[in-house]
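Here's the structure we're looking at; comments come further down.
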Amino acid sequence: MEARDWRQEQERLERVRNELHARIAELEPEVAGLHDQASEIRKRFWEDLSINTSTTEDFEDTFYSVQQQSMMLAERERGHRRLVQQWNGMKRLLPSPYFARVDFQEDGLNESEQVYIGVSSFVDNEGLNFLIYDWRSPIASLYYDFPPGRASYVTPAGRIDGKMMLKRQFQIQNGHIRTMFDASETIGDELLQQVLSKDADSQMKSIVATIQKEQNAIIRNDKSRMLIVQGAAGSGKTSAALQRVAYLLYRHRQTIRADQIVLFSPNPMFGSYISTVLPELGEENMQQTTFQEYVENGLGSSLRSEDPFDQIEYTLTAQGEPGYEARLQGIAYKTSEAFLKALQNYGRWLGREGMRFIDIWFRNRVLITAERMSAKLYGFDSSLPLYSRVVLLQEWLLDELASLERKERGAFWVQEELNYLDNEQYAEVFDMLHKERELFDLSEQYTVVRELMNNKRRGDEGDVDFAQQEEELILRSIVKRSFKPLRKSVRTFSFVDIKGIYGQLFGDETTYREKTNESIIPAQWSEICRQTKDMLSRNELLHEDATPYLFVKELVEGVRTNTEIRHVFIDEGQDYSAFQYEYFKKLFPRARMTVLGDFGQAIFMQSTNLEASDSPLIRLFGEADTSLVRLVRSYRSTREIVEFTKSLLPGGDEIVPFERRGPKPLLIRLNGVQKRDAQILEDIALLNAQGFASIAVITKTAAESREAYESLRIQGGEGLQHITRETLAFEKGVMVIPVYLAKGIEFDAVLIYNASPEAYGWDHERKLLYTACTRAMHRLQLYTTGDWSPFVQALPANLYEKEPC
């Protein structure tokens, strides 16, 4: 770059920073003032009100006064939030106001416009000229999508064509330009080299300065109901998804809030890892959860579901145990579309017969029998859906309970309970009678109070014994309180025996076919049934049963949909089954879906091939509403690591490494576990000395990670972190972690604890090894105390270095 260019750009940068400083100083008292106003209104809210409910007119005056004060407070708080957002946005810009410049000459105009792009917009004092454009604005897409030359961008008013005269990239730190160059490509490799050569961090960072053209297409896709992103390890899938969330919140800021977007993460720790990206861009975080958390919420406290990590531990460690093959067949079948169709048919069968209910008991006697409920259900109009008839049954049960409750008031136990009330308890019941909203609805409270007042008036005149009337009302409250749990159980459908309804599916083959019209059943069906019913008898579910169980529950009780959610993001999407995707669609009927994954990392039994022509994801919304984007370029690892890892996969040739160089992966064979562990500790110390702050010792399973952690610690390993599924936060340092918890996370250096045939010998373990190795950014080392895994042995020798034994 010419010295003149440097000087001009630095001078402009200083002018922009001066304006930012001035605007921040100007806003500061206004921000503080609005905050004080809101605090004062909130503090004096009730002091300034005159509460008077003596007459209808007084009540209305009070109501409107409260409403007016509430609106004033809400307006002050909204204004304060807007100002704080602007103020924080400008403070966020100060250290590095922008990262790119594009000079664009629109067709038909004589001059080009200089467009400087940063993480948010900033206009001059007059509000007429953009000093910085938000990276999500339409014109900013020029930077991501085009090299200099003919270019265009799309606005709400239509497409703008023209010519890009200049494309310049910056690295700015604390108000000084550190790096500046003109790029001929979409995003110059020079900037990417500098960004990717940095060490791994404990939390994912924004990538707005280095978004690639194919990632930009994902971020700005506004058309598809289903957006599938199949990307190689390290291709920036998750990063692009998070920038997509930020774009959606910017593009649809009038109609979409952050709490209307939900991201399903692979584990709780991953949620911590990505939690700073959106705040870094000035946006609130969307909702984050795991599918297991959603399942547990749906099941409630009555059943415990095995989590996916228990399931994978079983599939990886229980070979040779009785029932292992049947369990694998059960996982494959229960997560399939065939089982989904079988359950839909089962729902129709239940509409004709077979529903199971639970007797309603009260004080050691049955009030309403299951048989009576069943007769009532099947007496309703059979053309109604099953769940509609169950709701009608629920209403009938509430009416029956109300009738039984009235009859119960004369029961001996009620009078006895009243007689045993001491003065304190009596006063408490009487107080509850008048104060607790749960005992009576508003109209009944009004009626009771009026009745008491009238009776008291007449009682003074000697017409009615007020004490007797009061006693009757307390008797009513005693019965009402006793029936309250029954009403609650009916409202929550506890009278339906969902566990029995699901369990009766798993009988002999003949009855299963009759109930489901299913023709193809796994060979070891009887053992699958035994395993399922054995878990149900302990009030537990196998992981593969959890979603089908909830599906059956909703066939009976109705779907608990969430119509507020507008976008659902699913990370590690290859690890979800066709059944689970159908369930997502039912849960969030108004939502668009973005599914991110890599079939090369499909390590769970129920994996879905995201890009197959017959993928259930394409059928979910239809081809017309589905877009598939493939990301084949890997940015995380050095070229040497990518060449090694992609050779572990059949079809891995399509993965393209980014041109960042480093040492080849190192294979280290040692005689015995103690020598291996001692060598690993030496290598960790060496890597730390070289400045690598994030190092992972990756094991195959959680059981192996516990053994490795204890062994390394006993041999003198200090400061090791043992990562388990209970770990909620990801931090820098040296950690021992099973491969399935490391998914989606990157480390400066990865040490594969045991790369032997015993650990990675079966074909389904190939992807586990690939997943583990692709976590490495700069260094990859594999260890064994015997032979190498056949997947390593099959690699060309020029892809790695070997350390002598």
Side-chain angles (χ1 to χ4, degrees), residues 266-267 269 290-292 304-335 522 524 527-528 530-532 534-535 538 540-546 572 574-575 577 601-607 648 673 676-677 680 696-713 722-727 735-743 750-773 775 782-792:
N267 55 63
M269 186 177 71
T290 64
F291 188 71
Q292 183 66 16
R304 191 191 78 83
S305 171
E306 173 191 51
D307 71 28
F309 306 123
D310 284 327
Q311 186 197 72
I312 195 171
E313 280 288 318
Y314 177 86
T315 60
L316 293 175
T317 61
Q319 296 95 329
E321 289 185 10
Y324 179 77
E325 286 302 321
R327 176 77 193 275
L328 296 191
Q329 288 183 21
I331 293 171
Y333 180 63
K334 291 173 181 176
T335 57
Q524 297 199 32
E527 176 60 19
I528 291 170
R530 189 199 64 76
Q531 292 175 0
T532 307
D534 183 51
M535 290 289 283
R538 302 197 300 267
E540 293 179 330
L541 289 170
L542 297 166
H543 177 64
E544 59 269 22
D545 280 305
E572 301 296 342
Q574 75 282 347
D575 292 335
S577 68
Q601 298 178 67
I603 63 175
F604 288 87
M605 286 288 298
Q606 68 269 20
S607 297
L648 291 170
V673 172
R676 175 191 61 194
D677 291 359
I680 286 175
V697 179
I698 298 185
T699 63
K700 177 184 173 183
T701 65
E704 188 183 42
S705 76
R706 285 192 297 272
E707 292 171 9
Y709 172 74
E710 289 300 328
S711 179
L712 292 169
R713 192 175 58 81
H722 182 211
I723 305 299
T724 69
R725 61 189 174 203
E726 283 79 33
T727 305
M735 61 198 70
V736 183
I737 182 171
V739 57
Y740 51 78
L741 289 181
K743 291 186 73 173
V750 165
L751 314 181
I752 305 298
Y753 185 72
N754 178 10
S756 69
E758 290 74 32
Y760 305 101
W762 297 91
D763 195 56
H764 68 271
E765 294 166 336
R766 178 195 295 272
K767 291 180 178 180
L768 273 172
L769 181 59
Y770 170 78
T771 302
C773 292
R775 304 305 94 204
L782 292 82
Y783 300 81
T784 187
T785 57
D787 292 332
W788 291 103
S789 160
F791 312 124
V792 175

Pick out which of Arg676, Glu707, Lys700 makes a side-chain hydrogen bond (donor to acceptor under 3.5 Å, both in side chains) with Tyr753.
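Output: one option passes, namely Arg676.
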How close do [X] and [Y] get, counting heavy atoms only, and between which atoms?
X	Y	answer
Gln524	Ala326	OE1-CB, 3.3 Å
Thr335	Glu544	CG2-CB, 4.3 Å
Thr784	Asp787	OG1-O, 2.9 Å
Asp575	Ala602	OD1-CA, 3.9 Å
Pro308	Gln292	CD-OE1, 3.4 Å
Trp788	Pro757	O-CG, 3.4 Å

Let's go through Tyr740 and Ile603 carefully: what are the C-alpha distance in whole Å and the side-chain angles of both, what is the deciding distance for side-chain contact (heavy atoms from CB on, under 4.5 Å) to 0.1 Å, and is it a yes or a no?
CA-CA 8 Å; Tyr740 51 78; Ile603 63 175; 3.6 Å; yes
Kindly indicate, with the supporting measurements, whether the criterion side-chain contact (heavy atoms from CB on, under 4.5 Å) is fulfilled by Glu527 and Gln531.
CA-CA 6 Å; Glu527 176 60 19; Gln531 292 175 0; 3.2 Å; yes
I'd like to check [X] versus [Y] (side-chain heavy atoms, cut-off strictly below 4.5 Å). Are they in contact?
X	Y	answer
Asp310	His543	no
Arg713	Val736	no
Pro738	Thr699	yes
Met535	Asp545	no
Thr290	Asp307	no
Phe309	Leu741	yes
Ser705	His722	yes

When you check the side-chain N and O atoms of [X] and [Y], is any donor under 3.5 Å from an acceptor?
X	Y	answer
Ser756	Glu758	yes
Gln329	Glu325	no
Glu572	Gln574	yes
Lys767	Ser607	no
Tyr314	Glu321	no

Just how far is it from atom [atom1] of [X] to atom [atom2] of [Y], taken to the nearest 0.5 Å?
X	Y	atom1	atom2	value
Ile698	Met735	CD1	CE	9.5 Å
Lys334	Ser577	NZ	OG	12.5 Å
Gln311	Leu316	CD	CG	10.0 Å
Phe791	Leu768	CZ	CG	9.5 Å

For [Y], does its backbone N or O pair with a side-chain atom of [X] as donor and acceptor, under 3.5 Å?
X	Y	answer
Ser305	Ala546	no
Tyr770	Glu765	no
Arg725	Asn267	no

Run the salt-bridge test on Glu306 and Arg327 with the 4.0 Å N-O cut-off and return the result as yes or no.
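Looking at Glu306 and Arg327, the cut-off is met.
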Should Leu769 and Val792 be marked as a side-chain contact (heavy atoms from CB on, under 4.5 Å) after you check the CA-CA gap, both sets of side-chain angles, and the distance that decides it?
CA-CA 9 Å; Leu769 181 59; Val792 175; 3.9 Å; yes
Quick check on side chain to side chain contact (heavy atoms under 4.5 Å, CB included): which of Ile680, Asn754, Ile752, Val697 does Tyr783 satisfy it with?
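Testing each of Ile680, Asn754, Ile752, Val697 against Tyr783, the sole residue satisfying side chain to side chain contact (heavy atoms under 4.5 Å, CB included) is Ile680.
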